[in-house]
Structure formats: structure tokens, C-alpha cells
Amino acid sequence: MSQSIRTRFAPSPTGHLHIGNARTALMNWLAARHFGGRFILRIEDTDRERSTEASEQSILGDMAWLGLDWDEGPDKGGEYGPYRQSERLVFYQEIREQLIASGHAYPCFCTAEDLEARRQEQLGRGEQPHYDGRCRHLSAEEKIRFETAGRQPSTRFHVQKESVSFRDLVKGEITVQKEALSDFVIVRPDGMPMYNFACMADDHHMAISHVIRGDDHVSNTHRQILMYEALQWEIPEFAHIPMILGQDRDRLSKRHGATSVTQFQEAGYLPDALLNFLSLLSWSSGSGEEILSRDRLVQEFGFDRVSRSASVFDTEKLDWMNGVYIREKTDFDTLARLALPFFRQAGYPVNDAAAARPVVRALQSKMEKLSEIGDKARIFFLDEAVPEDNEAAETINGAEPQAVFRAFLSATEGLPAWDSQMFMTVMKQIQQSTGIKGKGLWMPVRVALTGQMHGPELGPVTEILGLDLCRRRIQQAIG
RNA sequence: GGCGCAUUCGUCUAGUGGUCUAGGACGCCGGCCUCUCACGCCGGUAACACGGGUUCGAUCCCCGUAUGCGCUACCA
């Protein structure tokens with residue numbers, strides 16, 4: 001399978017890109033890149049009620065943000081298009097007829113109401129609800145009667161095999177008996193295909209070699225295999241990846257906080273960090289390492305290292321990992337560019353990445369998420385550095401702090417240039433001239449300059465502030 | 001309910017029938033560093049769901065139980 005594998009990510013455009021789907025997309029992307037194959041993006045919009053153009057745009061945008069590039073898709077075409085199911089209706093129609101002709105499918109005139117009523121009956125008798133197959137043997141007259149009455153039939157697949165099994169690339173052999181699979185609908189009365197049918201048909205037509213998806217699809221697999229066999233099509237490889245759970249071990253949902261890629265982006269996570277974190281859910285590197293670049297992820301990916309059990313999404317670990325990426329895995333230009341929106345959002349006068357850069361650099365080791373910029377960068381844009389609390393206020397009052405301030409003003413008077421280095425030199429001078437050192441020297445300056453007891457290293461802070469602002473704030477601190 | 005899948009520290013995970021007194025990471029706790037807070041470094045805490053087998057020996061193999069999740073749609 002190292003030759004020309006083809007994988008696909010097939011989201012339905014009914015909302016933002018969910019984090020679980022993003023992980024599925026990632027696995028497909030990794031497999032394609034690892035084996036030197038192609039990664040296809042297909043839009044499954046057969047649910048007309050819920051599918052929207054805006055969702056499709058949003059999902060494409062989130063994929064791009066994560067850096068999961070696709071080789072074929074609705075926006076860029078490819079030789080197996082179209083890549084939107086709603087544009088592939090003729091294919092399904094054709095296959096439907098083929099299946100009917102070969103006796104593998106039949107029209108079903110039961111209405112949704114009939115079906116629901118019978119389901120309730122079965123349930124009431126304590127039976128397992130399943131389609132009773134009554135339209136399987138409709139006579140020609142009965143069909144005509146229904147049709148002339150204007151009833152549009154759905155199309156059902158006739159399950160005939162006693163059992164179906166397949167070998168999953170991560171879960172191993174999975175078998176299911178016929179009883180679990182009653183005749184299922186493959187095409188709705190309005191001609192729109194159902195998921196299982198369209199998915200199978202497209203996977204075949206798009207020459208997908210490896211179907212990689214969440215393990216909530218394992219039971220769909222048997223139905224799809226039945227159809228592949230009926231059509232005498234080659235069956236692709238299947239790999240079912242375990243689910244991602246919330247902290248309460250329930251399926252990850254809105255209740256658990258951020259669940260869409262968009263939300264993580266807005267919360268200040270870096271795409272590479274999110275990607276790295278996602279890769280470690282139900283997969284691990286043979287090296288035991290966890291901070292893995294995209295290239296290494298691609299290089300080391302393998303189905304044999306995917307675990308079979310679900311994993312809990314641990315936001316605290318993601319936060320830590322994002323911090324690692326902020327402070328050591330991202331170059332300053334990229335970081336500044338990604339940070340820019342957060343300066344804007346906070347209303348700070350930072351108009352381009354170049355302006356953001358020094359601030360980001362000063363804050364780098366102090367934040368795990370870029371969204372912390374709003375809070376942590378405030379000290380650089382204050383009109384006045386007012387002590388934030390009593391403790392801070394006390395720090396700048398008293399003979400020693402005041403002496404330090406006066407020394408600072410005289411040491412910086414008329415200085416032609418100003419940077420972090422100069423500041424350090426000045427501080428050394430003050431220490432010598434006043435004899436004050438350590439916290440007694442630094443803390444008053446810190447509070448005078450920022451109003452806070454805690455914050456970034458003072459050197460970079462003073463450089464960003466500039467000499468004038470520094471002198472003004474020190475001046476203001478003199479009581 | 002039925003069917004399917006799963007079960008190693010709180011969480012993500014490594015691991016093999018004996019090398020496991022079970023390894024790493026996050027978190028947490030303690031220490032060091034230090035102008036503060038962080039960062040970094042060092043150390044500590046903590047797990048093989050339970051019960052039967054198989055075996056000289058099971059975390060690792062088999063069966064059962066429990067628990068969790070998924071599916072059971074004219075959703076995807």
C-alpha cells in the first residue's frame with residue numbers, strides 16, 4: 001500500500017469543523033502524506049435541511065488554518081469530481097438502477113408514518129425494531145397502484161448474507177450477523193442518497209484506497225461492504241479511529257467547552273500545537289517523544305501505532321503544549337503574525353506584525369495562549385502606570401524607592417539612545433550610586449513602570465516603552 | 001433491550017508471557033535558578049477494572065462479570 005494510496009476527509013457542511021472531525025482529517029492527511037498518496041476533500045451535503053454554503057466555507061477555512069492541504073476538492077477540482085455529493089446525483093441514480101436490476105435493491109413505498117407506527121408496535125411487543133421487508137415482494141400491480149396514487153418510493157438494499165466481516169486496520173477483525181442489519185434505505189423518495197450509499201459509491205468512484213474515519217462508523221462499514229459486494233467492486237481498506245471524549249468520558253460536545261477548530265483559533269491556540277496535540281490522541285510516536293513537527297508526524301505515522309480505545313480531550317495538556325509552541329517552536333515572524341488579531345481585539349495600537357513582534361517576544365514565556373495578550377500586554381499601552389493594589393503602592397513609597405527614582409531620572413537625562421542594554425547599565429549605575437540593590441532596587445522600578453508586582457523582564461519592557469515613557473512613568477511615581 | 005468496540009497513574013500513553021519493585025508526558029507537590037511572575041532544571045506523588053482459567057510464571061493469552069462508548073433513522 002505504499003504506492004498510490006488515496007484517502008479522503010468527507011465532512012458534512014452542517015456547522016464548523018468539529019475537533020473530532022479535525023482529528024479524523026488529520027489522520028487521513030497523515031496517511032496520505034506518509035505513504036506518498038493523495039488526500040481528497042469531499043463534501044457530503046445530501047442532507048439538504050442542514051447543509052449550508054457557509055458551513056462548507058468555514059470548514060475549508062479551518063482545514064487551511066490547520067495546514068491540512070488537500071489535493072482534490074470542491075474548490076480545486078480533480079479528475080474524480082465533482083467533489084460535492086449534491087452534484088453527483090446522476091451517479092447514485094445509475095448505481096441505484098444497477099442494484100435494482102441485479103435484485104439487490106427494491107423500491108419501498110412505506111411512508112415514514114407507517115414505519116414509525118410499526119416500529120412502536122415492535123417495541124411495544126418487546127421486539128427488536130427492524131424493517132419487516134414487506135415491500136420486498138410487491139407485485140407489479142401493487143407497485144403501479146402506489147405509483148398512480150402518486151407515492152414516491154424510497155429504495156432499500158436487500159440484505160441477504162448471513163454475516164459480514166472485515167479486517168479493520170486498527171481494530172482487527174469485526175463480524176456482524178445479519179439480524180443486526182435489516183434492509184436499509186439507500187435512496188430517499190426525493191432521489192437524494194443516504195449516507196451509507198453515497199459514501200460507498202463515492203469512495204469507489206474516487207478510487208479511495210483507505211477509508212479512515214471515527215469508530216462510530218464501524219457498524220456502517222458492514223452495510224457498505226454488502227453494497228460493494230453486490231456491485232462487485234473492490235473493497236477498500238478501513239481504519240476506524242477511536243472517539244475523542246470530554247472530561248466526563250462522554251462524547252465531546254458543546255457542554256465541554258470549545259469543540260470547533262474556529263473556537264480554538266479564537267482562544268489563541270497555534271495551528272501546529274493543536275495539530276500536534278490532536279495527533280497524540282489515540283496515536284503515539286515510537287520514540288516516546290511528544291513534541292513532534294509536522295514532518296515528523298508525517299514520517300512516523302502508521303496504523304499500527306493507533307490505539308483502539310477512546311481518549312479524553314485534556315485541555316490542560318493542550319495548554320501546556322501550546323505554551324511550548326509559543327516559546328520555542330515558532331519563529332517570531334509567524335508568532336507575531338498569528339498574534340496580531342489578538343492585539344487588534346484588545347484595541348491596542350499595534351498595526352502590523354513588526355510592531356507586535358517585540359511585545360510578543362517579551363511576553364513569550366508568560367503565556368500559553370495568544371488570547372492572553374489582551375491582559376498581559378496592557379502594561380505597554382497604558383496612559384498611566386497606576387499601582388494595581390496596596391502592595392504595589394507601598395512598593396513605590398518610602399525613602400529608598402524614591403531615591404531610586406531620582407537616581408533613575410538623573411542617570412537617564414538626555415540620553416541619546418535607549419534599549420534594553422542601556423537600561424541594564426543605568427540600573428547598575430543606580431545600584432552603585434544609591435547602594436540599593438536586589439528587590440529593593442528592581443521592584444520599585446517595576447511598579448513605577450508597569451503598575452504591577454509581576455510581569456515580563458524589565459529590560460525588554462523599557463525598550464518597548466521607550467525612554468520618554470519610562471522617564472514619564474518614573475516621574476509620576478515620585479510622590 | 002440487541003449488536004459492536006473498548007478497559008495501564010486524575011488525563012494522554014509506552015510496554016512485554018519472566019528484563020515490571022510497570023517507563024514517559026500533562027497536572028499536582030517540593031526544591032533550585034531569579035528583580036517579580038513565568039520559563040528552565042532537579043526530585044516526588046500516582047495505574048495494569050474485577051473474577052475465573054491456560055502456564056513453572058501473567059499487565060501481556062482465553063472465558064465471564066462490571067463499567068464506558070458507539071450503532072440500532074427516509075442524519076452524517
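In what follows, chains are A, B, ... by sequence order, proteins preceding strands, each numbered from 1.
At a threshold of 4.0 Å, the pair A/Arg42-A/Asp202 counts as salt-bridged, since one of the basic side-chain nitrogens sits closer than that to a carboxylate oxygen. Salt bridge present: A/Glu229 and A/Lys161 bring a charged side-chain N and a carboxylate O closer than 4.0 Å. Salt bridge status for A/Arg134 with A/Asp132: present, with a side-chain N to carboxylate O gap under 4.0 Å. One finds no salt bridge joining A/Glu463 and A/Arg361 here, because no Lys/Arg side-chain nitrogen approaches an Asp/Glu carboxylate oxygen to under 4.0 Å.
Nearest-nucleotide positions on RNA chain B place A/Asp314 closer to the 5' end than the other of A/Gly455 and A/Asp314. Along RNA chain B, the nucleotide closest to A/Gln128 and the one closest to A/Ser365 are compared, and the more 5′ of them pairs with A/Gln128.
With hydrogens and angles ignored, no donor-acceptor pair closer than 3.5 Å exists between the side chain of A/Glu179 and the base of B/G2. Put simply, the side chain of A/Asp215 and the base of B/A6 share no donor and acceptor less than 3.5 Å apart.
B/U59 and B/G51 have their C1' atoms separated by 16 Å, with the value rounded to a whole Å. Rounded to whole Å, the C1' atom of B/U67 lies 16 Å from the corresponding atom of B/U8. For the P atoms, the distance from B/C5 to B/C62 is 13 Å, rounded to whole Å. For the C1' atoms, the distance from B/G43 to B/U7 is 32 Å, rounded to whole Å.
Rounded to an integer number of Å, the gap from NZ of A/Lys376 to C1' of B/C39 is 12 Å. Atom pair A/Arg251:CZ and B/G70:P shows a separation of 5 Å (rounding to whole Å applied).
Under the stacking criterion of a centre-to-centre distance below 5.5 angstrom and an interplanar angle below 30°, A/Trp442 sits stacked against the six-membered ring of B/C35.
Residue A/Ser284 has a polar side-chain atom (N or O) positioned under 4.0 Å from OP1 or OP2 of B/A14.
B/C33 is unpaired under the criterion used here, namely a Watson-Crick or G-U wobble arrangement in which both key atom distances are under 3.5 Å.
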